[in-house]
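Treat the numbers as computed from the prediction; the structure is a model and nothing was measured. Throughout, protein chains are lettered first and strands after them, A, B, ... in sequence-line order, and every chain is numbered starting at 1. All heavy atoms count here, side chains included; hydrogens, waters and symmetry mates do not.
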Amino acid sequence: MPKDTGIGASSKRREDIRFLTGKGLYTDDLALHAQAHAVMVRSNVAHGKIVSIDTAATEAMPGVLAVFTGEDFVAVGGNPAGWLIKSRDGTPMREPKRPVLAHGKVRHVGDAYAAVVAETYQQARDAAQQLADDTVIEELPAVVDMKAAVANADNRVHDEIPDNVCFDWGWIEDNRAAVDAAMKAAPHVVTLELTNNRLVPNAMEPRASIGEYNTGTGDYKLTTTSQNPHLTRLLVAAFVMGIPENKLTVVAPDVGGGFGSKIYHYGEEALVLAAAKKLGRPVRWTAERTESFLSDAHGRDHVTKIELGCTKDGEILAIRTETHANVGAYLSNFSTATPTFLHGTLMSGPYKVPHVYVNVKAVFTNTAPVDAYRGAGRPEATYSLERVIDMMCRELNLDPFEVRRKNLLTPDQFPYQSPVGLMYDTGNYQATLDKACDLGDVAGFEARRAESAKKGKLRGMGLSTWIEACGIAPSHLVGILGSRVGLYDAATVRVNATGNISVMVGAHSHGQGHETVFPQIVADKLGIPESSVEIVHGDTSKIPFGMGSYGSRSLAVCGSAMDRAMDKIIAKGKKIAAHMLEAAEGDITFADGKFSVAGTDKAKTFGEIAFSAYVPHNYPLETLEPGLEETAFYDPANFTYPAGAYICEVEVDPDTGKVDICSFTAADDFGNVMNPMIVEGQVHGGVGQGIGQALLENTSYDETGQLLTGSFMDYAMPRADDVPFYTVDHSCSTPCTHNPLGVKGCGEAGAIGSPPAVVNAVIDALHRGGITHVKHIDMPVSPGRVWQAING
Amino acid sequence: MHNFEFVKPSTIADAVKAMAQDGAQALSGGQTLLPTMKQRLAQPETLVSLTGIPEMQGVCMGEGGLHVGAATLHVTVAQDAKALYPALSTLAGGIGDPAVRNRGTIGGSLANNDPAACYPAAVLASGATVVTNKRKIAADDYFQGMFTTALDDGEIITSVIFPVPQKAAYVKFNQPASRFALTAVFVAKHAGGVRVAVTGASNDGVFRWTEAETALSADFSPSAISGLTVDPTGMIADLHGTAAYRANLVKVLTGRAVAAAH
Ligand SMILES: Cc1cc2nc3c(=O)[nH]c(=O)nc-3n(C[C@H](O)[C@H](O)[C@H](O)COP(=O)(O)OP(=O)(O)OC[C@H]3O[C@@H](n4cnc5c(N)ncnc54)[C@H](O)[C@@H]3O)c2cc1C
């Protein structure tokens with residue numbers, strides 16, 4: 001019987017009522033008294049020297065209140081990178097300053113070098129145009145292609161970085177010789193060069209920020225589209241603006257999607273604060289869609305050569321990769337972690353591979369910064385690995401299902417120390433593969449293929465078995481790896497006097513459904529209705545210091561903190577109950593919302609205990625504080641390791657190259673599932689994004705650094721009719737062994753596992769259709785590219 | 001967007017008068033013009049709305065064929081031409097999305113003459129007549145290259161008259177992002193011969209594929225064009241497809257349109 005409340009129930013998303021009826025409150029919805037409007041002035045060349053900015057005419061325009069240029073921020077700090085990566089030779093990565101506004105040079109189309117604040121938005125826009133007209137920028141040759149960037153030392157994104165290389169990272173450097181030797185000795189070696197296409201995140205809500213400054217108290221407030229308000233506060237306060245942390249509140253109200261792009265601190269946030277201080281008025285800024293395309297941190301953008309050494313019957317012996325990872329013009333906050341520790345550490349996948357070595361060169365180019373985007377590094381690793389395994393199967397004429405079964409880790413091999421540094425705690429990869437084969441009716445494929453052939457269509461099937469490391473992250477470990485922050489999370493459970501509960505969480509919901517799921521867990525544990533629990537998030541003045549939401553961490557890390565806080569509530573409740581029931585504390589048990597004396601019918605309800613804590617008339621005040629509110633910080637002992645098997649079936653129209661997805665089956669192991677409906681929704685969304693990457697989405701800069709796909713007219717987002725009805729399963733669950741809820745995280749899974757399943761299916765369709773010269777097609781596998789490959 | 005004046009006349013005569021002012025521009029569904037203004041790429045001083053003029057609305061049979069008022073919405077053509085000219089109805093029903101179809105109009109589409117727009121293919125293949133406030137323009141004279149038409153400054157399209165073919169079909173291959181035509185073909189079999197109009201493919205905008213017309217006039221079947229080749233010279237090459245790819249689509253889609261024609 002499916003449950004109808006608590007853990008495991010598909011409770012309806014309570015936040016959807018306000019989202020779907022237009023009652024959400026997003027940053028741009030806030031109208032503040034005396035607010036002024038900021039418009040950024042952005043470079044329309046990819047690379048240029050700022051020769052002069054004449055602000056006089058702009059300042060004289062109607063309504064203009066202030067003009068800011070890079071000069072105004074020379075004295076304040078830069079927006080830092082959160083991870084220090086060391087190159088193979090031990091030298092630290094190169095970290096050019098990322099200023100609030102570009103100074104001296106502009107480094108990508110959309111790089112903001114000035115801002116105008118005016119009484120109205122239209123006045124600010126007019127003034128921004130004027131300022132652009134009064135600015136002289138001497139265009140320099142643009143650095144766009146990564147390999148050319150590395151080869152050409154004369155053309156520098158940052159003058160102090162001669163080869164445009166941020167770092168040249170080897171993982172694990174000490175294993176390199178052994179991997180080379182194993183590769184050399186391997187009976188067969190498969191080599192594949194591929195591109196992991198750059199993506200624009202395209203959250204429905206564009207970025208927006210409002211700065212406020214209280215001239216009476218000297219307090220600042222930043223309302224902004226953030227996935228992690230405390231992290232933003234830390235960055236703005238401690239690194240960029242030098243505002244004391246306790247004088248700055250950061251609020252992220254309803255946020256309409258992030259997918260990673262709203263993890264980071266952006267210059268506009270500092271700008272509106274500085275402007276608010278200067279003017280003593282609230283200053284607001286909201287990105288236009290074009291600005292989102294040009295200035296949100298993009299995702300992916302790897303060029304990889306992967307080699308796989310194996311036996312003739314498909315046992316994987318060694319894997320070696322060489323990747324150029326684009327970081328764009330500046331280092332965004334997680335940009336150095338994404339291609340390294342979120343990527344290289346996953347390069348052995350769910351397989352037992354003795355030898356793995358990963359080399360990543362991070363390269364500066366005159367393009368928008370690139371950072372973590374749903375999956376972050378793990379989709380890139382999974383794609384390389386699952387594509388090269390498929391190629392191995394084709395070269396050696398082996399069955400892709402059998403080859404995976406042969407190489408997958410087996411349940412008895414956990415915990416498993418991978419050759420790339422991770423300790424997988426638990427899993428059952430055969431089970432998810434079997435489940436996917438069953439649900440995807442692999443046995444019936446031939447018959448479906450024959451049906452497609454009758455219509456002139458080529459049908460193919462693609463498989464991907466994937467794993468990821470999420471629940472980010474154990475602080476001690478990431479500290480060793482170069483992280484400059486801890487990655488715990490925190491929750492405060494406040495039982496109110498009337499027995500209902502407010503939970504203040506460090507996690508931030510920008511679509512995930514925390515307001516529904518977190519109360520389910522509280523209700524389950526404390527034996528009260530879900531409707532008695534409310535989640536408070538997104539406001540640094542209300543919530544404990546947590547690190548926000550990304551890396552499929554909300555439940556695994558913040559949910560665990562919440563669980564620990566509830567343990568403390570129950571422990572205190574037992575003390576109160578022992579006093580009230582005149583029993584020994586050790587004899588009190590708590591179940592179904594009641595504190596009872598074991599073996600008797602004496603009991604107090606949760607509500608009675610809460611009331612007593614706040615009206616402590618009959619209460620052990622000598623030994624126990626009144627009140628019932630507990631905070632816990634939780635630092636995970638390990639990453640979590642969701643895994644699964646995805647099967648995609650496609651039809652290819654050989655005359656037009658169009659690929660239609662006929663079915664998509666996802667069998668995942670997410671550990672314990674709190675709300676199956678929300679988990680399914682997360683998988684749907686993730687797979688949809690993966691299909692978008694595989695078939696549609698393409699961020700293309702021309703050789704001068706102009707963004708060719710700067711609007712939805714050319715950047716293809718997946719629409720409902722581009723994706724099939726999914727078959728989703730999460731019944732093959734092996735609970736996480738090290739967090740109290742046994743959860744692994746599901747937010748990124750779909751985007752990680754799906755792209756190779758789609759591309760493998762397309763190549764399979766072509767081969768089964770006799771078009772065997774096509775070994776690989778880079779994503780997006782668009783109709784034009786498929787047709788070109790067939791006819792090329 | 002810059003400020004502008006807005007007038008909404010209720011007769012063609014008043015609209016023509018309003019259009020005579022300096023800086024006046026016609027506004028129909030606004031699906032092309034308003035985004036351009038929002039991006040500050042156009043800044044008309046006065047917008048003359050054409051959507052309040054009864055003479056420019058509606059779909060009905062009349063002299064010379066099917067009359068479609070220039071300010072008729074795509075969604076109205078999709079509904080009201082269903083029985084009268086099914087291929088035209090299908091075309092209108094496949095433009096953009098419901099929001100676009102409930103605002104966009106045939107007159108705006110033809111005045112704009114986007115090289116990837118749908119209606120130009122129907123007008124050219126049908127041998128339709130573009131009626132303006134001052135004259136009638138044959139389809140073959142009307143389209144003069146990408147975003148270029150025979151319209152004079154201030155001239156207003158008032159209606160379009162479509163001779164209804166014996167058989168016709170429109171087959172569109174979507175550009176994956178915009179879902180305009182990456183390439184699309186309208187095939188119309190008239191008593192006097194077949195006309196094949198191609199949109200989305202050429203740097204010169206909509207055009208007639210005359211070799212196919214000859215072949216199909218002799219034998220209206222997909223196999224009639226199997227021996228023909230399409231020259232990729234002058235075809236659009238962009239992120240979504242090379243010139244050769246578009247040339248291929250012209251042929252593939254023409255075959256499919258012939259097969260689908262009814
Ligand atoms: C998201 C989206 C998707 C779309 N997809 C498609 C598609 O798949 N296929 C397709 O064909 N089109 C597509 N379009 C374009 C759509 O069909 C527009 O409606 C059309 O191009 C313009 O019509 P309109 O009535 O909106 O004209 P407006 O935007 O009002 O005007 C366009 C131009 O025509 C002029 N004009 C308007 N009416 C007249 C007239 N009667 N006489 C003289 N000049 C006039 C205006 O001055 C202006 O210069 C799409 C548009 C959008 C926004």
Region of [X] that comes under 4.5 Å of a non-hydrogen atom in chain B:
X: A:Pro780; result: neither
X: A:Gln122; result: both
X: A:Arg125; result: both
X: A:Met717; result: neither
X: A:Asn698; result: side chain

Determine whether the side chains of [X] and [Y] contain a donor N or O and an acceptor N or O closer than 3.5 Å.
X: A:Arg300; Y: A:Thr699; result: no
X: A:Asn326; Y: A:Thr365; result: yes
X: A:Asp653; Y: A:Thr656; result: yes

Which residues from residues 22-47 of chain B are near chain A, with near meaning under 4.5 Å between non-hydrogen atoms?
B:Lys38, B:Gln39, B:Arg40

Does anything in residues 251-262 of chain B get under 4.5 Å of chain A by heavy atoms, and if so which residues?
B:Val252, B:Arg256

Check whether the ring centres of A:Phe293 and A:Phe712 lie less than 6.0 Å apart, and answer yes or no.
yes

May I ask you to decide whether A:Asp296 forms a salt bridge with A:Arg289, counting only side-chain N to carboxylate O separations under 4.0 Å?
no

